[in-house]
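Since the structure comes first, as structure tokens, the remarks are kept for the end.
Every chain is numbered from 1, with letters handed out A, B, ... down the list of sequences. It should be emphasised that the depicted structure is a prediction, and the values quoted were computed from it without experimental measurement.
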2 protein chains.
Amino acid sequence: MTNRSLITKQKLLDAATDIIMEHGVHHLTLDEVAKTAGVSKGGLLYHYPSKEALLTAIVERLQTEQNDLYESLQADGNGPVEAFVRLFDETKLHPERSAIHIDAEKMIAFLTLFAVDQEYAERWKHDLDTFFAQFQQTSDPVETMIIRYALEGMMLSEHFNVGVAPPALKQDIIARLIERAQNIDSGKTD
Amino acid sequence: MTNRSLITKQKLLDAATDIIMEHGVHHLTLDEVAKTAGVSKGGLLYHYPSKEALLTAIVERLQTEQNDLYESLQADGNGPVEAFVRLFDETKLHPERSAIHIDAEKMIAFLTLFAVDQEYAERWKHDLDTFFAQFQQTSDPVETMIIRYALEGMMLSEHFNVGVAPPALKQDIIARLIERAQNIDSGKTD
DNA sequence: GAGAACAAACCGTCTGGTCGGTACAGAAAG
DNA sequence: CTTTCTGTACCGACCAGACGGTTTGTTCTC
């Protein structure tokens, strides 16, 4: 795996992610990905021998990026629940770390792939299950799950631009979620 | 529109919804819908002259079903926010009203269609925006939005069966959401 | 029997994937 | 130093199947 090869692969994954985000999976064709990445179709299939391999690579990159960010947020002193909340507002908090930043929109790409084919969901189900299992071990599992669900619903709404909250309200929502997350992390049962 | 025709149309919409729910949009082909509904492809296209017409009909049915249920919940004495929460737990609350019941899973079909093609989202964006606008007019817009987002995130999780809460925990979550919804509807600012 | 409701063969396009070939960088050979 | 060889990276024409939609014909209902 030379450096050149690695760059091309990144370009392809970026292109594919962009297409999903901007136009929806329906437009995610091999020709379109290759064109967007500035690579020929043959070049694409040289690196990712099938569409499924490409999709797998997308999700795997999202997975590791998110995990890295989550761990760095915890290393910064955030509790597990608060770190999760800040995952969704990372852009504004640490713009300098944008290289490893996976924003809420990218996670949508994840969910979108799931929606297209249920079999996809099965493949990463275990990883996600173990990740979310910790949220049932906090000082207030009910509130923790509400926070988690709220964040996921929020990014859903934002992505499809349906019934979105005005920026000011959104800030208040995040603030309240962070406040509650801190309470949970510090063991207060409210 | 004879009675026979109406039954066939319902069968087709049911089949299409089922396919989306169980296998994902990728498997939603005209042949598959026709086969599942026990109708020929020609029969399908007689009623819905294009795939887009079929998809439109699906979403429109979901829209009206949900609106009907929401209004009947409000007529039962639930406040606007509480009614929205109960929308997601309707099966257990009013099993006898299952005919007009639109459960969380069906709403996923909605979102799934959006995921496939962003252009789809535009078509119903206005309707949804006006529906959700009322949630910013409650006694506690921040909490109202959190409740709404939480419910949407919850059905997302349930549908993809990813990191789902055990039944007992889920009950507690719904209970707490209803409690808060009642507070909001009754004007308590917490 | 007339129109509505449906069946089934058929067609054109789109798209995932194949395949033979090219460009080029470096190693090996002379 | 020049030539030859080799493997990586990439190109683009082409193919086969899938899928949306058409057309033509048949059956059911009134």
Taking the minimum atom-to-atom distance to the side chain of B:Thr8, which one of D:dG20, C:dC6, D:dC10 wins? C:dC6

A:Lys41/A:Glu32 ion pair, N-O < 4.0 Å: no

Could you list the residues that satisfy side-chain contact (heavy atoms from CB on, under 4.5 Å) with B:Pro141, not counting sequence neighbours? A:Leu169, B:Thr138

D:dT8 OP1/OP2 closer than 4.0 Å to side-chain N/O of A:Ser5: no

For A:Arg180, is there an ion pair with B:Glu143 - N to carboxylate O distance below 4.0 angstrom? yes

Taking only the side-chain nitrogens and oxygens of B:Tyr46, find out if one of them lies under 4.0 Å from OP1 or OP2 of C:dC6. no

Does A:Gln10 have any side-chain hydrogen bond (donor to acceptor under 3.5 Å, both in side chains) partners at least two apart in sequence or in another chain, and if so, which? A:Arg61

Nearest-angstrom distance from the residue atom CG of B:Leu30 to C1' of D:dT23: 16 Å

Sorted by chain and number, sequence neighbours left out, ring-ring contact (aromatic ring centres under 6.0 Å, His included) with B:Tyr149 holds for none

Mind calculating the distance between CD (B:Gln10) and C1' (C:dA5) to the nearest angstrom? 16 Å

Atom CG of A:Leu28 and atom C1' of C:dC14 are separated, to the nearest Å, by 15 Å

Sequence neighbours excluded, the answer for side-chain hydrogen bond (donor to acceptor under 3.5 Å, both in side chains) partners of A:Glu152 is A:Arg148

side-chain contact (heavy atoms from CB on, under 4.5 Å) partners for B:His23, two or more places apart: B:His27

Separation of D:dG17 atom P from B:Asp31 atom CG, nearest Å, is 16 Å

Partner set under ring-ring contact (aromatic ring centres under 6.0 Å, His included) for A:Tyr48, not counting sequence neighbours: none

Residues which pass ring-ring contact (aromatic ring centres under 6.0 Å, His included) with A:Phe114, listed by chain and number, not counting sequence neighbours: A:Phe110, B:Phe160

Phosphate-side-chain proximity, A:His47 and D:dT8, N/O vs OP1/OP2 below 4.0 Å: no

What string of B, S and - do you get for nucleotides 18-26 of chain C, 5' to 3', if B is base contact, S is sugar-phosphate-only contact and - is no contact with any protein heavy atom under 4.0 Å? B--------

Tell me every residue that passes side-chain hydrogen bond (donor to acceptor under 3.5 Å, both in side chains) with A:Thr17, counting only those two or more places apart in sequence or in another chain. none

Return the value, rounded to whole Å, for the distance between atom NZ of A:Lys9 and atom P of D:dA9. 9 Å

Base contacts versus sugar-phosphate-only contacts with protein, heavy atoms under 4.0 Å: please encode nucleotides 25-30 of chain D as B, S and - from 5' to 3'. ----S-

Counting only non-hydrogen atoms, which of residues 50-58 of chain A are less than 4.0 Å from DNA chain D? none

Qualifying residues under side-chain hydrogen bond (donor to acceptor under 3.5 Å, both in side chains), relative to B:Ser40, sequence neighbours excluded: none

Round to a whole Å and report the spacing from CG of A:Leu44 to C1' of D:dG12. 13 Å

